[in-house]
Amino acid sequence: MSHFTRLHLLAAALLTTGTLVLCSFDAPSVRSNVPTALADTTKADPETGLAVDNNLMLVRAHCTGCHSTKLILQNRFTRDGWKQKIRWMQRTQKLWDLGEAEPAVLDYLTKHYGPEDKPFDGRRLPLKGVSWHQSR
């Protein structure tokens with residue numbers, strides 16, 4: 001089975017199961033057909049997908065009664081941005097006052113779901129050293 005075919009089978013299996021796993025493959029000259037999963041430094045709670053932390057249960061108690069954790073996972077806000085979202089939910093969605101728990105909830109959200117400083121934004125880098133021909 002070619003290296004290309006193994007990648008297609010793996011992609012199909014991932015799409016079917018709905019599981020995303022980052023893998024690296026050995027060079028084709030090596031006879032291993034088993035992908036190696038890349039480990040993340042932060043563990044995710046298997047039930048919610050949220051980062052495991054001392055404040056996880058507090059966040060679950062205040063957030064998941066009304067909405068899915070997917071709303072947290074898909075956003076990246078500053079501390080002030082998360083606070084504005086909480087205030088919006090309190091004004092319009094009947095979220096209760098978090099009281100003394102609010103700083104810990106904001107700490108958790110900012111630490112794990114704050115803005116990311118990524119050098120790569122998903123686009124390819126501009127081409128360098130390319131000589132374009134002049135049109136007449």
Side-chain angles (χ1 to χ4, degrees):
M1 183 182 302
S2 75
H3 182 70
F4 184 73
T5 305
R6 286 194 306 266
L7 288 175
H8 277 259
L9 289 174
L10 177 62
L14 293 175
L15 288 173
T16 305
T17 62
T19 304
L20 175 62
V21 178
L22 299 177
C23 300
S24 64
F25 287 89
D26 294 331
S29 61
V30 178
R31 296 195 182 247
S32 172
N33 291 336
V34 181
T36 306
L38 301 176
D40 192 359
T41 57
T42 303
K43 292 184 181 182
D45 176 48
E47 190 174 333
T48 64
L50 295 174
V52 174
D53 176 299
N54 291 337
N55 292 323
L56 172 61
M57 297 314 286
L58 185 65
V59 170
R60 285 183 66 175
H62 285 286
C63 301
T64 63
C66 298
H67 60 73
S68 165
T69 57
K70 290 180 183 180
L71 283 176
I72 297 169
L73 294 168
Q74 70 188 10
N75 287 296
R76 294 279 177 181
F77 298 119
T78 62
R79 184 180 188 89
D80 187 52
W82 281 113
K83 190 172 189 174
Q84 289 176 23
K85 292 298 172 199
I86 289 170
R87 295 295 178 263
W88 175 83
M89 288 183 271
Q90 289 169 334
R91 273 192 327 272
T92 65
Q93 308 299 310
K94 300 180 182 178
L95 175 63
W96 52 88
D97 182 359
L98 302 183
E100 294 177 9
E102 186 173 278
V105 169
L106 288 170
D107 288 346
Y108 176 89
L109 293 172
T110 305
K111 177 181 177 182
H112 298 290
Y113 305 104
E116 292 180 317
D117 184 22
K118 289 185 174 179
F120 178 69
D121 67 357
R123 301 179 206 175
R124 69 167 176 79
L125 296 174
L127 298 174
K128 294 180 181 178
V130 176
S131 299
W132 301 100
H133 63 86
Q134 299 291 323
S135 60
R136 295 181 191 188

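All values reported here derive from a predicted model rather than from experimental measurement. Residue numbers count from 1 along this sequence.
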What distance separates Ile86 CD1 from Leu106 CG, expressed to the nearest 0.5 Å? 4.5 Å
Which atom names give the shortest non-hydrogen contact between Gly49 and Ala44, and what distance separates them? O-CB, 3.8 Å
How long is the straight-line distance from CG of Asp53 back to OG1 of Thr42, given to the nearest 0.5 Å? 9.0 Å
Residues which pass salt bridge (charged side-chain N to carboxylate O under 4.0 Å, His left out) with Lys85, listed by chain and number, not counting sequence neighbours: none
Got a sec, which residues hit side-chain contact (heavy atoms from CB on, under 4.5 Å) with Ala104, two or more places apart in sequence or on another chain? Asn55, Leu58
Using every non-hydrogen atom in the two residues, find where Leu50 and Tyr113 come nearest and quote the distance to one decimal. CA-OH, 3.3 Å
Tell me the salt bridge (charged side-chain N to carboxylate O under 4.0 Å, His left out) pairs involving residues 61-72, sequence neighbours left out? none
Using residues 91-103 as the side-chain source, report each donor-acceptor pair under 3.5 Å to any protein atom, sequence neighbours left out, with the distance given to one decimal.
{"from": "Thr92", "atom 1": "OG1", "to": "Trp88", "atom 2": "O", "distance (Å)": "2.8"}
{"from": "Trp96", "atom 1": "NE1", "to": "His62", "atom 2": "ND1", "distance (Å)": "2.9"}
{"from": "Asp97", "atom 1": "OD1", "to": "Gly99", "atom 2": "N", "distance (Å)": "2.9"}
{"from": "Glu102", "atom 1": "OE1", "to": "Arg87", "atom 2": "NH1", "distance (Å)": "2.7"}
{"from": "Glu102", "atom 1": "OE1", "to": "Arg87", "atom 2": "NH2", "distance (Å)": "3.4"}
{"from": "Glu102", "atom 1": "OE2", "to": "Arg87", "atom 2": "NH2", "distance (Å)": "2.9"}

By side-chain contact (heavy atoms from CB on, under 4.5 Å) - contacts of Asp45 (at least two apart): Glu47, Thr48, Val52, Leu56, Arg60
Tell me, which pairs form a side-chain hydrogen bond (donor to acceptor under 3.5 Å, both in side chains) where one or both residues lie in residues 72-83, sequence neighbours left out? Arg76-Glu116, Arg79-Asp107, Asp80-Gln84
